[in-house]
Engineer: 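If you scroll down you'll find the structure; I have some questions about it.
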Amino acid sequence: MINISFPDGNVRQYEAGTTAFEIANSISEGLARNVFSATVNGTLTDRDLPLQEDATIVFHTWRDQGGKETFWHSTAHLMAEALEAMYPGIKFGYGPAGRDGFFYDVEPPEGTTISSDDFPAIEAKMLELARQKNEYVRKEVSKADAIAYFKEKGDEYKLELLEDLEDGTITFYTQGEFTDLCRGPHIPNTGLIKAIKLTKIGGAFWRGDESNKQLTRISGISFPKAKELKEYLAMIEEAKKRDHRKLGKELELFMFSEKVGAGLPMWLPKGTQLRERLVNFLKVKQENAGYQQVTTPHIGKKDLYVTSGHWDKYGEDSFQPIKTPRVDEEFMLKPMNCPHHCEMYKFRPRSYRELPIRFAEFGTVYRYEQTGELHGLSRVRGFTQDDAHIFCTPEQVKGEFIAVVDIVKEVLNLIGFDDVTAQISLRDPQTPEKYIGSEENWKIAEQSIIDACKEIDMNTVTAFGEAAFYGPKLDFMVRDALGRQWQLGTVQVDYNLPERFELEYIGSDNATHRPVMIHRAPFGSLERFTSILIEHTGGKFPLWLAPEQFAILPISEKFNDYSTNVMQQLATHDIRGIVDDRNETIGRKIRDNELKRIPFLLIVGEKEVESGGVAVRVQGDGDKGTMSVEEFVAFFREQL
RNA sequence: GCCGAUAUAGCUCAGUCUGGUAGAGCAGCUGAUUUGUAAUCAGCUGGUCGGCGGUUCGAAUCCGUCUAUCGGCUCCA
């Protein structure tokens with residue numbers, strides 16, 4: 001007998017050789033039917049693998065991410081089977097499941113290309129194969145046999161993957177006519193896959209290496225029920241409607257111009273209003289938290305960035321240095337604000353008594369992002385960071401770090417993001433050459449982030465290899481209204497720049513010490529943050545951020561003067577808006593201003609003029625009846 | 001930067017395959033209408049068909065190149 005422990009702490013006894021499926025079945029048939037795979041002693045396995053020893057077990061169904069990924073991984077194999085049937089000689093690279101579906105990197109046979117036009121045919125073939133309810137059969141194979149199989153098949157990519165695998169750990173999975181090198185696990189049979197949608201096609205470098213050959217990546221998603229595919233497609237539709245590039249144009253928030261240059265956004269008046277409100281909001285928060293606002297120029301001598309290390313690390317990817325009439329003099333557009341702030345710290349000798357010093361700046365920086373990377377407002381070449389640098393003593397780091405995290409959480413919540421998590425981004429231990437600074441400093445910095453997060457009970461995940469080149473980071477992520485996760489701002493502890501700039505302070509011991517720097521930007525950049533805010537709200541901004549909070553719609557021209565009068569009254573209460581005095585029907589004015597996502601529409605005609613009121617309509621929610629101007633002001637305040 | 005696609009009026013798009021100097025709806029302008037809760041009616045204006053070069057008697061249409069955009073990849077201080 002073996003002891004099986006469950007996540008709720010229960011322990012039950014089973015015969016050795018019992019499978020996860022049988023164990024689930026002993027709990028409830030319903031559960032067993034839904035189990036796709038299981039995590040046994042921390043390892044993801046097939047539900048039908050016999051267990052020989054005591055184990056902890058977690059079942060995976062469609063309801064959890066592990067189950068979904070098992071399902072999608074199996075769908076990737078199903079797609080491979082379909083592709084092999086349709087394109088004989090096709091070669092397969094890497095075909096995993098991800099957070100949101102699956103993909104397979106393939107090399108179509110010489111002379112053929114696959115495009116999204118072929119998706120319907122591939123989907124149909126996949127469904128046809130799915131209906132055969134073929135079992136996913138696991139088989140342990142020797143390395144020699146595995147190599148022989150793929151040599152025979154002529155698939156050099158699988159052979160390359162095999163090189164890194166050890167004999168004795170290699171398994172094949174076969175369903176129907178298709179056999180793949182795979183660690184598993186898989187769902188029991190293809191019949192569970194009821195709905196399939198291929199979503200994307202594009203190039204992908206073999207093993208993610210730019211110097212390797214490009215394969216064709218075909219991505220898709222699948223579901224156990226057709227209804228779920230429908231819901232997914234509806235969500236995609238909604239995401240398209242909310243695309244910030246589309247709304248940015250429609251709501252006249254920002255624009256780009258081929259003549260000005262790619263990736264250089266220009267904020268139109270309404271976008272600028274929104275942006276200014278975000279800036280002022282944060283400025284007030286920061287001033288209350290002891291930050292001091294500073295201002296620095298947009299360029300600096302190349303030498304500044306040689307000192308900071310940015311030139312060495314990113315010189316190639318920057319806008320190239322600006323020459324002046326003087327020989328050998330070069331300036332750079334600033335890619336970061338920190339070097340300027342370091343120099344400001346050195347304005348005069350600093351005492352421990354004045355630390356921490358917190359310099360904040362909405363600093364516009366320029367980076368030459370790769371052409372293929374530019375994307376609306378979220379990836380641009382000129383953007384404004386809500387940047388600040390805190391110079392403090394080593395003892396103050398943890399306290400400052402915690403205060404920063406608090407401010408970030410508060411700010412994001414106030415703007416309407418409730419689901420905030422953080423990622424602790426540490427070095428990749430495999431590639432130490434990518435980072436500058438001493439081993440010792442890195443260790444201290446990484447540990448202080450980990451400790452601080454523990455202390456404030458922040459919901460975190462840890463990612464290796466995601467650190468900045470000069471220090472570890474804490475990256476903030478929010479989940480938007482459509483459930484998508486976005487990365488926003490960061491907090492970074494940096495022992496490096498203070499050293500490079502030889503920053504000092506005089507301690508209580510009258511000796512010189514080196515301060516520590518904390519970089520932080522809650523929004524990251526105003527551009528990126530705004531793009532996320534647009535998609536999160538679908539253009540229906542929180543009332544306090546809306547560029548126009550109301551529109552007054554006179555029933556006819558006769559009421560234009562009264563409308564202007566109401567607008568002026570509201571302005572005295574700091575409520576901003578417009579009068580739509582176009583010669584149009586009221587229905588038309590309502591439609592147009594609803595589409596502009598204006599929060600309140602105030603309709604005025606004969607009755608309102610007589611009573612001195614306004615008929616209030618809430619965006620997306622229809623008629624709220626007539627109110628006096630004072631009542632509306634109170635109503636407005638309530639909703640603010 | 002790499003792979004693939006796209007670029008026609010302010011916006012959304014047809015016309016491109018099968019070369020014969022452009023078309024719709026909305027927006028804009030003018031006029032009529034003076035409107036009560038998501039598009040009033042009529043008329044008019046508007047395009048070196050992304051730029052440059054080539055093939056051709058003739059190019060929005062075919063070819064090359066550059067720019068920009070889109071979907072991926074790589075990157076993201």
Side-chain angles (χ1 to χ4, degrees), chain A residues 103 105 113-117 199-219 243 245-246 249-250 252 255-263 305 308-318 334-339 365-376 378-381 385 387 434-436 466-471 473 487 490 492 494 497 519 521 524-525 528 553-560 582-595 601-608 615-620 622-626:
Chain A
F103 65 81
D105 289 346
T113 52
I114 301 175
S115 82
S116 54
D117 296 340
T199 51
K200 292 165 203 156
I201 187 160
F205 298 108
W206 169 235
R207 304 198 129 180
D209 187 336
E210 227 173 330
S211 59
N212 281 342
K213 192 161 179 176
Q214 274 211 7
L215 305 180
T216 303
R217 173 167 298 180
I218 305 176
S219 310
D243 189 318
R245 293 166 298 187
K246 181 171 172 280
K249 206 182 275 179
E250 279 174 17
E252 301 191 348
M255 63 168 285
F256 292 89
S257 144
E258 194 173 319
K259 210 154 190 165
V260 171
Y305 302 102
S308 70
H310 292 116
W311 173 252
D312 260 7
K313 197 74 192 170
Y314 292 104
E316 296 283 301
D317 304 321
S318 305
K334 66 177 173 186
M336 295 201 75
N337 302 303
C338 25
V365 297
Y366 301 88
R367 301 173 186 176
Y368 195 81
E369 303 291 352
Q370 293 186 57
T371 49
E373 275 318 311
L374 302 173
H375 180 92
S378 53
R379 194 77 187 271
V380 289
R381 286 177 172 165
Q385 296 179 307
D387 211 359
K434 275 170 65 180
Y435 308 97
I436 60 172
E466 293 294 316
F469 73 95
Y470 52 77
K473 310 189 280 185
Q487 194 183 312
T490 63
Q492 306 170 10
D494 182 359
L497 277 186
H519 308 240
S525 83
R528 190 174 156 70
L553 316 183
I555 295 277
S556 84
E557 280 172 14
K558 286 184 285 193
F559 313 110
N560 284 356
R582 292 175 306 160
N583 178 8
E584 287 293 348
T585 59
I586 193 65
R588 179 53 176 273
K589 289 184 188 180
I590 288 170
R591 177 181 158 80
D592 288 351
N593 288 290
E594 282 276 349
L595 289 175
L601 302 186
L602 308 178
I603 293 152
V604 300
E606 196 73 48
K607 284 181 277 179
E608 287 71 26
V616 179
R617 223 189 121 97
V618 175
Q619 206 276 336
D623 197 355
K624 293 289 152 199
T626 304

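In what follows, every chain begins at residue 1, and chains take the letters A, B, ... in the order their sequences are listed. Because the structure is predicted, anything quoted here is derived from the model rather than measured. FYI, side chains are in, hydrogens and waters are out, and symmetry mates aren't considered; it's all heavy atoms of this structure.
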Engineer: Collect all protein-nucleotide pairs involving nucleotides 3-9 of chain B in which both atoms are nitrogen or oxygen and the distance is under 3.5 Å.
Structural biologist:
from, atom 1, to, atom 2, distance (Å)
B:C3, O4', A:Gln214, OE1, 2.7

Engineer: Over how many whole Å does the gap from A:Asp209 atom CG to B:G1 atom C1' extend?
Structural biologist: 14 Å
Engineer: Got a sec, which residues hit ring-ring contact (aromatic ring centres under 6.0 Å, His included) with A:Tyr314, two or more places apart in sequence or on another chain?
Structural biologist: A:Phe469
Engineer: What distance, rounded to whole Å, do you find between the two C1' atoms, one in B:G25 and one in B:U69?
Structural biologist: 24 Å
Engineer: Can you list the residues that meet the ring-ring contact (aromatic ring centres under 6.0 Å, His included) rule with A:Tyr435, with sequence neighbours excluded?
Structural biologist: A:Trp442
Engineer: Is there a donor and acceptor pair, one atom on the side chain of A:Arg379 and one on the base of B:C76, closer than 3.5 Å?
Structural biologist: yes
Engineer: Rounded to whole angstroms, how far apart are CZ on A:Arg381 and C1' on B:A68?
Structural biologist: 11 Å
Engineer: Does the A:Glu594 side chain pair with the main chain of A:Gly620, one donor and one acceptor, at a distance under 3.5 Å?
Structural biologist: yes
Engineer: Taking any heavy-atom pair under 4.0 Å as a contact, classify A:Asp317: base, sugar-phosphate, or nothing.
Structural biologist: base
Engineer: Tell me the interatomic distance from A:Glu369, atom CD, to B:U69, atom P, rounded to whole angstroms.
Structural biologist: 13 Å
Engineer: Would you mind reading off the distance between A:Ile218 atom CD1 and B:G72 atom P, rounded to a whole angstrom?
Structural biologist: 15 Å
Engineer: Only one of A:Asn593, A:Ile590, A:Leu553 forms a side-chain contact (heavy atoms from CB on, under 4.5 Å) with A:Arg617, so which one is it?
Structural biologist: A:Ile590
Engineer: Please check: side-chain N/O of A:Lys558 versus main-chain N/O of A:Gly605, any donor-acceptor pairing under 3.5 Å?
Structural biologist: no
Engineer: For nucleotides B:G53 and B:U12, find the distance between their C1' atoms and express it as a whole number of Å.
Structural biologist: 32 Å
Engineer: Residues two or more places apart in sequence or in another chain: which of them pass ring-ring contact (aromatic ring centres under 6.0 Å, His included) with A:Phe103?
Structural biologist: none
Engineer: Base, sugar-phosphate, or nothing: which does A:Leu374 touch, judged by heavy atoms less than 4.0 Å apart?
Structural biologist: sugar-phosphate
Engineer: Residues two or more places apart in sequence or in another chain: which of them pass ring-ring contact (aromatic ring centres under 6.0 Å, His included) with A:Trp311?
Structural biologist: none
Engineer: Taking atom P in both B:G23 and B:G47, compute the distance separating them and give it to the nearest angstrom.
Structural biologist: 13 Å
Engineer: How far, in whole Å, is B:C70 from B:G36 if one measures between their P atoms?
Structural biologist: 44 Å
Engineer: Output all residues satisfying side chain to side chain contact (heavy atoms under 4.5 Å, CB included) with A:Asp623, sequence neighbours left out; order by chain, then residue number.
Structural biologist: none
Engineer: Between B:G46 and B:U65, how far is it from one P atom to the other, in whole Å?
Structural biologist: 37 Å
Engineer: Could you give the CZ-to-C1' distance, from A:Phe205 to B:C2, as a whole number of Å?
Structural biologist: 4 Å
Engineer: Going 5' to 3' along nucleotides 35-41 of chain B, which nucleotides have protein heavy atoms under 4.0 Å from the base (write B), which only from the sugar-phosphate (write S), and which from neither (write -)?
Structural biologist: BBBBBB-
Engineer: For atom P, what is the distance between B:U67 and B:C26, given to the nearest Å?
Structural biologist: 38 Å
Engineer: Output the rounded distance in Å from OH (A:Tyr435) to C1' (B:C76).
Structural biologist: 13 Å
Engineer: Would you mind pulling out the nucleotide paired to B:G31, Watson-Crick or G-U wobble, both distances under 3.5 Å?
Structural biologist: B:C41
Engineer: Quantified in whole Å, what is the P atom distance between nucleotide B:G64 and nucleotide B:A22?
Structural biologist: 26 Å
Engineer: Applying salt bridge (Lys or Arg N to Asp or Glu O under 4.0 Å), can you list everything that pairs with A:Lys246, at least two apart in sequence or on another chain?
Structural biologist: A:Glu250
Engineer: Base, sugar-phosphate or nothing for A:Arg367? Non-hydrogen atoms, less than 4.0 Å.
Structural biologist: base
Engineer: Kindly write out the residues that satisfy side-chain hydrogen bond (donor to acceptor under 3.5 Å, both in side chains) with A:Glu258, not counting sequence neighbours, or none if the list is empty.
Structural biologist: none
Engineer: For RNA chain B, whose closest nucleotide is more 5', that of A:Gln385 or that of A:Arg207?
Structural biologist: A:Arg207
Engineer: Would you mind reading off the distance between A:Leu553 atom CG and B:U34 atom C1', rounded to a whole angstrom?
Structural biologist: 15 Å
Engineer: Where the side chain of A:His375 is defined as all heavy atoms beyond and including C-beta, which of B:G71, B:A77, B:G1 is the nearest nucleotide?
Structural biologist: B:G71
Engineer: Between B:A77, B:G71, B:G1, which nucleotide gets closest to the side-chain atoms of A:Glu210?
Structural biologist: B:G1
Engineer: To the nearest Å, give me how far apart CD (A:Gln492) and P (B:C76) are.
Structural biologist: 13 Å
Engineer: Hey, could you give me the CG/CD distance between A:Asp105 and A:Gln214, rounded to the nearest 0.5 Å?
Structural biologist: 10.0 Å
Engineer: Side-chain N or O of A:Lys249 less than 4.0 angstrom from OP1 or OP2 on B:U12?
Structural biologist: yes
Engineer: For B:C73 and A:Arg217 - does any side-chain N or O of the residue sit under 4.0 Å from the phosphate oxygens OP1/OP2?
Structural biologist: yes
Engineer: Across all strands shown, which nucleotide pairs with B:U12 by Watson-Crick or G-U wobble geometry, both distances under 3.5 Å?
Structural biologist: B:A24
Engineer: Is there a donor-acceptor pair closer than 3.5 Å between any side-chain N or O of A:Ser318 and the backbone N or O of A:Arg367?
Structural biologist: no
Engineer: Using atom C1' of each nucleotide, how far apart are B:C11 and B:A27 to the nearest Å?
Structural biologist: 7 Å
Engineer: Counting only Watson-Crick or G-U wobble pairs whose two distances fall under 3.5 Å, which nucleotide matches B:U6?
Structural biologist: B:A68
